[in-house]
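Proteins come first, then strands; the chains are lettered A, B, ... in the order of their sequence lines, and each starts at number 1. Excluded from the calculations below are hydrogen atoms, water molecules and symmetry mates; all remaining heavy atoms, backbone and side chain alike, are included.
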Amino acid sequence: MAAEPGSSVAVQRLMSQSAEMAARGLIGWTLLVDGVGGVIVETEAYDAGDPASHSFGGPTKRNAAMFGPVGHAYVYRIYGLHWCLNAVVDAASAGSAVLIRALAPTQGIEIMSARRRGLPLRDLCAGPGRLCEALGVAGALDGASLSEPPFSLIPPASDPPVICGVRIGITKGAETPWRFGLSGSPFLSRKF
DNA sequence: GTTCCGATGTACT
DNA sequence: GTACATCGGAACG
């Protein structure tokens, strides 16, 4: 077998699960865009029945990708100026996604630092808007497959220690503990 | 360390 | 008009 084709199968298997399971399972994977990125250390789950989810209330022009194929990206603008990257998950219930909230930078750190105006390593990808700026993710990638260029997703060698807590920055469904993080990582957007 | 605030696209009342 | 899955900078302690 050549280098990467197997990972597409692994991505599909991971992302066919419920949003909660997929969000937990994504911790420790390496996410790259054009070879630049790092290890996913923080995620949040949003499913179709969740009042905090953009898909709650059905498809719109903005959230169309959430109702598209599993394993593709949902990229949207937040507060009019930042981008946020999600992975579309859960084939059994359309409209579910996992928000990628933070990475530990490993690949292309100089490129990310330049895009982030020389900010310290800890601040390059510690937040959903920050990691999109560092990786060059923008609206043009909405709906693109996460297992084809420019994206690549690489599984971890072993299951990392995962902690969970309540999600950040929402008002509806705020008590649901669907935020997941790599235990002890210094690159989380906030402490748990 | 903390709190406050402005930037502004998209969905919704 | 208001709310929002955010960020960075200013002001303050």
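- Between the CG atom in A/Leu31 and the CG atom in A/Leu131 there is a gap of 7.5 Å [rounded to 0.5 Å].
- Every residue two or more places apart in sequence or in another chain was checked for a salt bridge (charged side-chain N to carboxylate O under 4.0 Å, His left out) with A/Glu20, and none qualifies.
- Nucleotides of DNA chain B lying under 4.0 Å from heavy atoms of chain A occupy a range whose first and last members, 5' to 3', are B/dA7 to B/dC12.
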Steps toward ring pair (Phe, Tyr, Trp, His ring centres under 6.0 Å) verdict (A/His54, A/Tyr76): CA-CA 10 Å; A/His54 288 175; A/Tyr76 68 94; 4.5 Å; yes
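- Taking the side chain as every heavy atom from C-beta outward, A/Leu99 and A/Tyr46 approach each other to under 4.5 Å.
- The stretch residues 100-127 of chain A has no heavy atom under 4.0 angstrom from DNA chain B at all.
- Two residues are said to be in side-chain contact when any heavy atoms from C-beta on lie closer than 4.5 Å; A/Val166 and A/Phe192 fail this criterion.
- The salt bridge (Lys or Arg N to Asp or Glu O under 4.0 Å) contacts involving residues 89-99 of chain A comprise nothing, where partners must be two or more places apart or lie in separate chains.
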Steps toward side chain to side chain contact (heavy atoms under 4.5 Å, CB included) verdict (A/Leu135, A/Cys125): CA-CA 8 Å; A/Leu135 271 60; A/Cys125 300; 4.2 Å; yes
Secondary structure string for DNA chain B (Watson-Crick or G-U under 3.5 angstrom, | for other-strand pairs): |||||||.||||.
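- In this structure the side chain of A/Gln12 reaches within 4.5 angstrom of the side chain of A/Val70, judged on heavy atoms.
- Ion pairing between A/Glu110 and A/Arg115 fails under the 4.0 Å rule for side-chain N and carboxylate O.
- The side-chain heavy atoms of A/Leu141 and A/Phe151, taken from C-beta on, include a pair separated by under 4.5 Å.
- Across the P atoms, C/dG1 and B/dG6 are found 15 Å apart, a figure rounded to whole Å.
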All N/O donor-acceptor pairs, side-chain side in residues 153-162 of chain A, below 3.5 Å, sequence neighbours left out:
none

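- Atom CG in A/Leu26 sits about 16 Å away from atom C1' in C/dA5, given to the nearest Å.
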Please list, for nucleotides 11-13 of chain C, all pairs of protein and nucleotide N/O atoms separated by less than 3.5 Å.
none

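- A distance of 11.0 Å separates CZ of A/Arg24 from CD of A/Gln17, quoted to the nearest 0.5 Å.
- Contact of the A/Ile168 side chain with the A/Arg190 side chain is registered, since non-hydrogen atoms from C-beta on lie closer than 4.5 Å.
- In this structure the side chain of A/Val41 never reaches within 4.5 angstrom of the side chain of A/Phe180, judged on heavy atoms.
- To the nearest 0.5 Å, atoms CG (A/Asp123) and CZ (A/Arg117) are separated by 11.0 Å.
- Distance noted for atom P between B/dC5 and C/dT2: 16 Å (whole Å).
- C/dG9 sits 22 Å from B/dG9 when the C1' atoms are compared, rounded to a whole Å.
- By the ring pair (Phe, Tyr, Trp, His ring centres under 6.0 Å) test, A/Phe67 is found to be paired with no residue, residues two or more places apart in sequence or in another chain being considered.
- The stretch residues 164-192 of chain A has no heavy atom under 4.0 Å from DNA chain B, so no residue of it qualifies as close.
- At a threshold of 4.5 Å between non-hydrogen side-chain atoms, the residues A/Arg116 and A/Arg130 count as touching.
- In this view, A/Asp50 and A/Arg167 satisfy the salt bridge (charged side-chain N to carboxylate O under 4.0 Å, His left out) rule, not counting sequence neighbours.
- Taken to the nearest 0.5 Å, the CZ atom of A/Arg62 stands 12.0 Å off from the CZ atom of A/Arg77.
- A distance of 8.0 Å separates CD1 in A/Ile27 from CD1 in A/Ile100, rounded to the nearest 0.5 Å.
- Heavy-atom distances under 4.0 Å link DNA chain B to A/Arg77, A/Tyr79, A/Gly80, A/Leu81 of residues 72-90 of chain A, given in residue order.
- Of the residues in residues 48-61 of chain A, those with a non-hydrogen atom less than 4.0 angstrom from any atom of DNA chain C are A/Ala52, A/His54.
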